[in-house]
Amino acid sequence: MRSPQKVSASLWLRLIVGLVSVSLLAVGAASAALYIRFKAKNYEFREQTLHNQAALITDYLKKAPDEPIELPAYVVEEFKANSGRFAVVGRDGRLLAASPGVTAPLAVINSEQPRDFFVVQPDQEQPYYGLSVRTPFSDKTVWVQVAFHTGNIVYDSVLEEFVQDIAWIWIPFVVVLLIVNLIVARIGLTPLRMAARQAAAIGPGSVSMRLTESGLPADVHALVSAVNHGLDRLETAFDAQRRFIADATHELRTPVAVLKAHIGILAKFEGHAELVEEIGSLERLVNQLLDIARLDVLQLEASDVADLNQVATDVASHLGPAAINAQRSMEVLAPDEPVRIRGARDYLFRALRNIVENALRHTPEGTTVSIVVEADPPSLKVIDHGPGVRPDQRNEIFRRFWQGGRDQNGGAGLGLDIAARTVVAHGGAISVGEAPEGGAIFTMQFRALAEARPEVKPPSREAYSGAQPLQGL
């Protein structure tokens with residue numbers, strides 16, 4: 001099993017983080033630009049408002065007779081209504097006219113400037129923004145000063161109300177913008193999700209499958225095309241390896257059978273029994289290699305149905321003589337009704353045979369190996385009375401060539417691997433535990449016939465791990 005690798009953020013997460021960041025930056029930039037523009041316009045409107053208010057007085061002074069200055073009542077009332085102040089100041093700083101309560105110029109006169117803005121901050125009051133304008137009066141020059149609170153300047157009020165009215169729009173605008181970004185990102189990643197689903201369906205039994213390249217964006221198409229070319233090379237190598245194993249196994253079966261026959265007709269000699277045992281181990285290894293080659297091309301059809309009762313009975317009948325010769329016994333405990341699953345009978349037979357052979361090797365003389373068939377859920381259990389399997393080895397015992405330092409009596413460590421791969425290829429799960437009376441209990445659990453899929457792809461050797469449930473069981 002590959003060691004865990006550090007996984008970086010997914011492309012989906014990266015896109016979302018990027019889009020959200022850009023959106024928030026855009027909203028922030030727009031808000032800053034609006035605020036700066038508001039401040040600029042605010043100053044412009046404030047100046048224009050003050051100039052217009054000052055013009056009411058300067059227009060009158062241009063036509064008014066000499067002192068004393070008496071402004072029209074409507075001018076005085078307008079300033080009073082808006083909490084404004086005005087003053088007409090002579091060149092010598094003398095106050096010529098003013099709004100009620102004003103006893104001195106509103107600001108120091110700057111004789112160098114024809115127009116001068118100023119700010120007055122009375123104690124415990126809001127600041128006054130004002131304007132001094134030089135204007136002719138009779139035969140002399142005077143300065144007209146006007147000042148208003150910020151809230152009483154018409155353009156300021158309009159702008160503030162405008163900002164308040166549009167401020168609430170930012171929140172739904174941002175929410176809608178983020179939702180649109182999510183939708184756009186999801187639509188944009190659809191080809192990648194489709195390619196990922198297709199890639200997940202590719203296994204040792206479906207190495208000819210390829211990812212769809214039609215209708216993909218250019219950058220995604222380049223990636224998918226590269227993956228397909230890689231799969232082409234893998235398929236070529238996989239087929240070559242599979243053909244080699246199958247051909248070599250078939251070629252080996254004949255000389256092993258001939259060798260076994262010749263040994264059988266020879267007279268007994270010293271080491272004869274050991275040689276027969278070694279030839280038997282070699283024959284078993286060849287048969288296991290052939291089973292592996294067959295598993296690589298296993299395809300279950302809708303019509304493939306196997307009866308677990310019949311499989312258990314056939315295995316017991318096949319291994320019964322060997323068990324008797326080894327001074328062991330066997331029993332089959334099965335329900336009266338057939339227990340049918342979607343599966344290939346020959347493959348299930350070989351898988352169960354491997355597990356029972358393993359149990360016969362490890363159970364003591366005079367004990368019984370039990371094959372138990374259960375209907376709900378459909379399962380096969382093999383129970384022995386041997387030393388059992390330590391908990392720390394239960395995740396390793398189904399690995400190919402694993403022997404765990406035990407005496408395998410010439411075994412190559414392939415039998416349980418083949419059994420596990422067969423079960424997984426049938427959409428089931430295999431596990432090992434401790435039997436109630438001591439020993440090991442191997443369980444092969446399958447889907448019920450109504451739940452089984454019509455076609456199951458064979459898994460890779462890493463597809464199972466000890467007692468953990470597989471394929472969603």
Side-chain angles (χ1 to χ4, degrees), residues 260 273 276-277 279-281 283-285 287-288 291 306-341 343-389 394 397-398 403-404 406-423 426 428-446 467:
K260 184 177 180 181
V276 170
E277 183 177 352
I279 294 176
S281 298
E283 182 182 29
R284 189 167 187 270
L285 174 61
N287 289 331
Q288 288 178 337
D291 289 342
D307 179 9
L308 297 185
N309 286 351
Q310 187 63 47
V311 172
T313 302
D314 292 344
V315 170
S317 300
H318 178 76
L319 296 178
I324 295 174
N325 291 336
Q327 299 182 13
R328 278 87 166 166
S329 60
M330 295 181 60
E331 65 177 356
V332 176
L333 305 176
D336 296 333
E337 299 297 327
V339 179
R340 296 187 177 91
I341 65 168
R345 181 266 174 198
D346 292 341
Y347 288 89
L348 294 172
F349 173 87
R350 288 189 288 269
L352 181 60
R353 180 196 65 194
N354 287 339
I355 295 179
V356 174
E357 286 177 341
N358 181 75
L360 289 173
R361 286 198 301 271
H362 291 93
T363 197
E365 293 183 0
T367 60
T368 301
V369 172
S370 303
I371 304 176
V372 181
V373 183
E374 295 182 352
D376 188 19
S379 58
L380 289 168
K381 295 183 178 180
V382 178
I383 305 173
D384 63 46
H385 298 276
V389 181
R394 292 173 186 174
I397 195 171
F398 297 106
Q403 298 187 22
R406 300 177 302 158
D407 180 11
Q408 293 294 312
N409 298 323
L414 293 176
L416 294 181
D417 170 84
I418 293 172
R421 296 184 69 205
T422 301
V423 174
H426 284 74
I430 189 168
S431 62
V432 59
E434 184 176 356
E437 299 180 0
I441 175 170
F442 287 81
T443 302
M444 297 186 292
Q445 183 175 320
F446 304 92

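For T368, the side-chain hydrogen bond (donor to acceptor under 3.5 Å, both in side chains) partners two or more places apart in sequence, or in a different chain, are S329. P387 meets the side chain to side chain contact (heavy atoms under 4.5 Å, CB included) test with H362; sequence neighbours excluded. Judged as a salt bridge (charged side-chain N to carboxylate O under 4.0 Å, His left out), and not counting sequence neighbours, D307 has no contacts.
Proximity of a side-chain donor or acceptor of N325 to a complementary backbone N or O of P321 within less than 3.5 Å is detected. H385 places no side-chain N or O within donor-acceptor distance of the main-chain N or O of A435, the cut-off being under 3.5 Å. Between the side chain of D384 and the backbone N or O of G439, no donor-acceptor pair lies under 3.5 Å.
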Discussion item. Walk me through whether R350 and I418 qualify under side chain to side chain contact (heavy atoms under 4.5 Å, CB included).
Written reply: CA-CA 8 Å; R350 288 189 288 269; I418 293 172; 5.7 Å; no

Donor-acceptor contacts under 3.5 Å from residues 372-383 side chains, at least two apart:
residue : atom : partner : partner atom : Å
E374    : OE2  : K381    : NZ           : 3.3
S379    : OG   : P377    : O            : 3.3

Under 3.5 Å, which donor-acceptor pairs link side chains of residues 334-341 to any protein atom two or more places apart or in another chain?
none

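Listed by first and then second residue, the side chain to side chain donor-acceptor pair (under 3.5 Å) pairs that reach into residues 432-444 come to none, sequence neighbours excluded. Residue pairs meeting the salt bridge (Lys or Arg N to Asp or Glu O under 4.0 Å) criterion with at least one partner in residues 363-372, sequence neighbours excluded, are absent. Residue pairs meeting the salt bridge (Lys or Arg N to Asp or Glu O under 4.0 Å) criterion with at least one member in residues 311-334, sequence neighbours excluded: D314-R345.
One finds the CG atom of L416 at 10.5 Å from the CD atom of E357 (value rounded to the nearest 0.5 Å). Of the inter-residue distances, the one linking L319 atom CG with L360 atom CG reads 6.5 Å to the nearest 0.5 angstrom. T363 OG1 to N358 CG: the interatomic distance, rounded to the nearest 0.5 Å, is 11.0 Å. The distance from atom CE of M330 to atom OG1 of T367, rounded to the nearest 0.5 Å, is 11.5 Å.
Side-chain contact between T422 and M444: absent, with no pair of heavy atoms (C-beta onward) separated by less than 4.5 Å.
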